[in-house]
Protein chains: 4
Amino acid sequence: MRSEIGPDGQKSRSFIEDARRAQIVAAAVEVIAEVGFAQASLARIAKRAGISKGLISYHFAGKDELMVEVVERTYGAIVERVVADMQGVESARQLLRTQVMSVAGYMRGHRSELKALGEIFGNLRDADGGLHYGIKSNEEIYRALEQIYRFGQSTGEFREFDVRVMAVTHSASVDAMFGYWAANPDHDLEAHARHLADLLERACVT
Amino acid sequence: MRSEIGPDGQKSRSFIEDARRAQIVAAAVEVIAEVGFAQASLARIAKRAGISKGLISYHFAGKDELMVEVVERTYGAIVERVVADMQGVESARQLLRTQVMSVAGYMRGHRSELKALGEIFGNLRDADGGLHYGIKSNEEIYRALEQIYRFGQSTGEFREFDVRVMAVTHSASVDAMFGYWAANPDHDLEAHARHLADLLERACVT
Amino acid sequence: MRSEIGPDGQKSRSFIEDARRAQIVAAAVEVIAEVGFAQASLARIAKRAGISKGLISYHFAGKDELMVEVVERTYGAIVERVVADMQGVESARQLLRTQVMSVAGYMRGHRSELKALGEIFGNLRDADGGLHYGIKSNEEIYRALEQIYRFGQSTGEFREFDVRVMAVTHSASVDAMFGYWAANPDHDLEAHARHLADLLERACVT
Amino acid sequence: MRSEIGPDGQKSRSFIEDARRAQIVAAAVEVIAEVGFAQASLARIAKRAGISKGLISYHFAGKDELMVEVVERTYGAIVERVVADMQGVESARQLLRTQVMSVAGYMRGHRSELKALGEIFGNLRDADGGLHYGIKSNEEIYRALEQIYRFGQSTGEFREFDVRVMAVTHSASVDAMFGYWAANPDHDLEAHARHLADLLERACVT
DNA sequence: AATGAATGAGGGTTCATTCAT
DNA sequence: AATGAATGAACCCTCATTCAT
């Protein structure tokens, strides 16, 4: 393993080191998106990246660490975008719509990332056999969505309902939208997002 | 390969043969539910069933045939139950609620089956590399749900909306409910189902 | 194992037992001829015979014993025929020709046996890894052929030469004739046999 | 798979890679010669070579590729030698003798190769179940031998006869010589070769 | 006499990982 | 920093053999 803990408590990596990791992560995303998690061997990823198999092991402690980094780099970018889009929006209804439309908009240009994330979330497991990104890894998302819904309830925009159920439903509906789109490339993602936002909104208002 | 096609065009198996297959399928369901599709090796399944690895090969032409039978036996039972519960229900709103509550009720006692089905649907691949249960596995469900929604629209119970988006959302919401429940065993599944039915209904009515 | 040693020192088997063994041997011959020794599993042979796998093990101590019996039954029939045809022939040249033509004539109607014999001779091995029917098993044939050639030399029909080399060559030439014919079914076996007899004869006479 | 096609259309391999392949091929030859094709497992070959089983898979795409390479490396060397020895020989009778003596001479030091070749020719099968080196493997030899005989007929050295039968007989006689010698190590191979050449020659001349 | 069920060893292959260079 | 060679474990599958019925 190359990365070391620097004096600031952060992982410190050379520029070249970071570039290699990024390159490997990008190759991993493509391969996973194309052939699925199970078939995404290090050999395949290395070939796609145009490097040797050993180099991946050199830069990553193991396959798991690579997968985690794929998630971190990919997922981080999405969150960044969505949070930016929601900045300044004031009504709960608009926040809800914005969340759905924003993530849909971002994903339209990042289909491979979407597919890869789904594969990793659903397949990457810890040593104990449990999913590394279990439903628990959604907790963060649920909390964020619950904030929106609770906010809407506090302003009177939304009726009373179980916000956790709503958050789970919301999250799953968005994921399913992507899943359907991934399976049906001709599907109109934006229209789906608009319809979905409508459904969610109607389910909340009085 | 054990099974053969009898004169009636049905698979004809001895009682003992069928019992073994059922036992192996049951073990497979448990193992897949616990450790996921990729880690569900025949060795693991055999050990769980308390039999030798070779015996699985004796009763099934291959791992794929076993997986397909897991789906057939498990999925068939669910559909049977839900269809039975929906028999005689007349309003679209009640059909919708019944569907959600019925499958939730059934699943409460069949958590492993649920998990295993999801794993197989998402991972079992054909020789060509494509998912064996691709879109088709959901397509069937989508069609069934669309019927309910279209029926509601025809009677005026439901407003106009895109039934495919609704079906995808509905299906995913139910799945997510199970997923959440699987990850949080103390979660109140029935209450969740009731809340979810409310949300779906409100999203549909005028 | 069923067979037992009777009071006369011969293996005594019931009629039904013998019939079963014959049936299994026949099936083995067909299967070996079709798919080769390595692919001729007991399962395949049993299926061909229309019986269960276990029954073969019931009648034969093991696969090896079955193979040995295939050879005995098949090979014995050939020898019987050839010996009969050579009865009464008086000149060495005629004996030589008769031997070649007789075995060729017999084989024309017993291609499967021919193929199976070749497969077993070339592949059946003892526990020590050595061929069960090695070149040594040809010794019997060599001796018989040497008799012919030595007889010819004693009568002055044939010149002096190394009879062992001649016997080895003769035997191999006949085998190769069958091998070529087995690979080229349209090949004229009888013409080949005539030509071969000519060659052998010319090689011997002064 | 290691080997790749270089810019010159030739397989380009590193020195070390080629050495390993040669080592593995050598081990395969020995094992096949000793225990036969069917028992020559990769595990056995690897153990003989003093390497791990996986390394064979690393250097060869599969067992079949290894077997093909065994044939290529081994068979090529024989042909090279024999062709060289026959260079410049002018009479058909001398060509015939030279062929027999040359291959016999070469084989004296390459018994295992001979055995291994025979095993592979007779057992290596394609996916469709047919022998990979079927008639074709002999056909090449037959053609070459026929040339000699036809040449002799054209010069009047040899009488008229069926050259294909002669070629088949010639080839089989040489093979049998090796087989006999392999089974009887004390046998005088060179004398046998000389006698055989005599026989073949006498069979051809007027 | 005959079956079907069951085992266990061994087959070839894939793959993450390690390591010398 | 990077490679290619090498390992060993685990994978699915085949098969001769055994055994209760």
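Quick note: numbers below take in every heavy atom, side chains included, and nothing from hydrogens, waters or symmetry partners. In what follows, every chain begins at residue 1, and chains take the letters A, B, ... in the order their sequences are listed. The structure displayed is predicted, hence computed values, not measured ones.
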J.: Do Arg21(D) and Glu65(D) sit within salt-bridge range, that is, some charged N less than 4.0 Å from a carboxylate O?
T.: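 Looking at Glu65(D) together with Arg21(D), the answer is yes, because their closest N to O distance falls below 4.0 Å.
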J.: Are the side chains of Met67(C) and Phe37(C) in contact, using a 4.5 Å heavy-atom criterion?
T.: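 Yes, close enough: below the 4.5 Å cut-off.
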J.: Quick one: list whatever passes side chain to side chain contact (heavy atoms under 4.5 Å, CB included) with Ser41(A), sequence neighbours left out.
T.: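 For Ser41(A) the side chain to side chain contact (heavy atoms under 4.5 Å, CB included) partners, ignoring immediate neighbours, are Ala43(A), Arg44(A).
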J.: For residues 32-42 of chain C, pull every pair meeting salt bridge (charged side-chain N to carboxylate O under 4.0 Å, His left out), keeping only residues two or more places apart or in separate chains.
T.: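 Sorted pair list: Glu34(C)-Arg48(C).
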J.: With Ser112(B), which residues qualify under side chain to side chain contact (heavy atoms under 4.5 Å, CB included), at least two apart?
T.: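 Ser112(B) satisfies side chain to side chain contact (heavy atoms under 4.5 Å, CB included) with Val29(B), Ala33(B) once adjacent residues are dropped.
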J.: Would you tell me if any nitrogen or oxygen in the side chain of Ser52(A) comes within less than 4.0 Å of OP1 or OP2 on dA5(F)?
T.: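 Checking dA5(F) against Ser52(A), no side-chain N or O comes under 4.0 Å of OP1 or OP2.
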J.: Just to be sure I understand: a Watson-Crick pair is purine N1 to pyrimidine N3 plus N6-O4 or O6-N4, both under 3.5 Å. Using that and G-U wobbles, which stems of three or more pairs involve DNA chain F?
T.: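 For DNA chain F the paired stretches long enough to count as stems (3 pairs minimum) are E:2-21 with F:2-21.
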J.: Mark up nucleotides 12-21 of chain E, 5' to 3', with B wherever a protein heavy atom is under 4.0 angstrom from a base atom, S wherever such an atom reaches only the sugar-phosphate, and - elsewhere.
T.: BBB-BBB---
J.: Please tell me if His59(D) has a side-chain N or O lying less than 4.0 Å from either OP1 or OP2 of dG4(F).
T.: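 Checking dG4(F) against His59(D), no side-chain N or O comes under 4.0 Å of OP1 or OP2.
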J.: Give the intermediate values and the outcome of side chain to side chain contact (heavy atoms under 4.5 Å, CB included) for residues Phe60(A) and Val68(A).
T.: CA-CA 10 Å; Phe60(A) 294 92; Val68(A) 168; over 6 Å; no
J.: Test: salt bridge (charged side-chain N to carboxylate O under 4.0 Å, His left out). Region: residues 119-129 of chain B. Which pairs qualify, not counting sequence neighbours?
T.: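 Residue pairs with at least one partner in residues 119-129 of chain B: Arg125(A)-Glu119(B).
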J.: Does the side chain of Asn123(C) come within less than 4.5 Å of Tyr133(C)'s, by heavy atoms?
T.: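 Side chain of Tyr133(C) against side chain of Asn123(C), heavy atoms only: no contact under 4.5 Å found.
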